Amino acid sequence: MRRRRATERRALPRPFFDRPVLTVARDLLGRTLVRRTRSGEVAGRIVEVEAYGGPTDAASHARPGRTARNATMFGPPGHAYVYFTYGMHYCLNVVTGPHGRAAAVLIRALAPERGLELARARRGGVPDERLMRGPGCVAQALGLDRADDGTDLTRGPLWLEAGAPHRDGRATARGPRIGIRVAVERRWRFWLAGDPAVSGSKRAAAVGHRPRSRPATRRSRLTLA
DNA sequence: GAGAAGATTATCT
DNA sequence: GATAATCTTCTCC
């Protein structure tokens with residue numbers, strides 16, 4: 001009983017998430033994300049995030065309105081929004097408040113902390129520095145899929161550890177988001193400057209970078225041909 | 001029902 | 001820097 005209560009106290013409480021998305025995004029840096037399954041526990045320190053949401057963010061999944069896919073974004077803060085993209089990758093978001101605002105923070109990269117053996121097994125033997133670098137890699141290393149959509153982050157088995165963030169003395173950097181074609185002028189990506197686990201190219205870290213033009217898909221290539 | 005796009009990643013040149 | 005892989009979700013007719 002006592003032990004269970006201690007476990008519950010380890011998670012960040014709901015009010016942490018019930019704040020504006022940019023505030024939560026910055027505040028997530030340096031905090032430890034934990035995923036527990038029957039196979040074991042994997043944990044990493046958040047070193048890179050992106051904020052999405054609000055009524056004017058054209059890049060947000062919530063922009064077109066509520067659908068079956070993005071419903072979790074419209075729910076209460078402190079839950080995991082996990083979606084599937086590009087036919088092979090899952091991405092993890094933290095839903096922020098207030099309720100109904102449909103905002104979330106994409107977890108782009110973690111610095112591995114615990115459960116490296118399990119993470120390595122899930123990632124198929126990539127070098128350790130690439131275990132959790134990039135949103136698709138984060139989800140794979142943690143063993144997340146669409147079934148984890150809607151998970152309450154204040155109760156586990158996926159949670160954020162309470163306490164002060166550990167930023168290793170690194171400053172918070174800010175810049176444009178990666179991989180989107182609209183609303184690229186918004187500097188809603190935050191990361192710990194100089195951390196080797198941060199994703200993206202050096203160019204992406206530079207001020208004023210613009211994402212490359214979208215590569216033609218198989219279908220669009222056929223259309224163009 | 002068909003077509004198009006996608007908050008990515010790994011690999012090749 | 002360019003491109004393939006892969007499939008869910010959404011929009012449009």
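Just so we're on the same page: letters track the sequence lines, and every chain starts at 1. Not measured: the values here are computed from a predicted model.
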Open item on the list: Check this for me, if you would: do A:Asp27 and A:Arg19 make a salt bridge, where the nitrogen-to-carboxylate-oxygen distance has to be below 4.0 angstrom?
Closed with: yes
Task: Spacing of A:Arg69 atom CZ relative to B:dA5 atom C1', expressed in whole Å - done: 10 Å
- [ ] Show the numbers, then the answer: is there a side chain to side chain donor-acceptor pair (under 3.5 Å) between A:Thr56 and A:Arg186?
- [x] CA-CA 11 Å; A:Thr56 61; A:Arg186 295 194 180 198; 3.0 Å; yes
Open item on the list: As a test of reading the structure: which of B:dA10, B:dT9, C:dT11 is closest to the side chain of A:Pro64, going by heavy atoms?
Closed with: C:dT11
Task: Side-chain N or O of A:His61 closer than 4.0 Å to phosphate OP1/OP2 of B:dA7 - done: yes
TODO: Determine whether any donor atom in the side chain of A:Tyr83 lies under 3.5 Å from an acceptor atom in the base of B:dA7, or the reverse, and answer yes or no.
DONE: yes
TODO: Would you mind classifying the nucleic acid contact of A:Tyr52 as base, sugar-phosphate or nothing, using non-hydrogen atoms under 4.0 angstrom?
DONE: base
Open item on the list: What contact category does A:Arg123 fall into here, base, sugar-phosphate, or nothing, at under 4.0 angstrom with non-hydrogen atoms?
Closed with: sugar-phosphate
Open item on the list: Checking contacts here: which listed nucleotide (B:dA10, B:dT9, C:dC7) is nearest the side-chain heavy atoms of A:Phe84?
Closed with: C:dC7
Task: Dot-bracket line, read 5' to 3' along DNA chain C, where crossing pairs take [ ] and | marks a partner on another strand, Watson-Crick or G-U under 3.5 Å - done: |||||.||||||.
- [ ] May I ask you to check whether A:Arg123 and A:Gln140 show a side-chain donor-acceptor distance below 3.5 Å?
- [x] yes
Open item on the list: With the stacking rule set at 5.5 Å and 30°, tell me whether A:Tyr86 counts as stacking on C:dA5.
Closed with: no
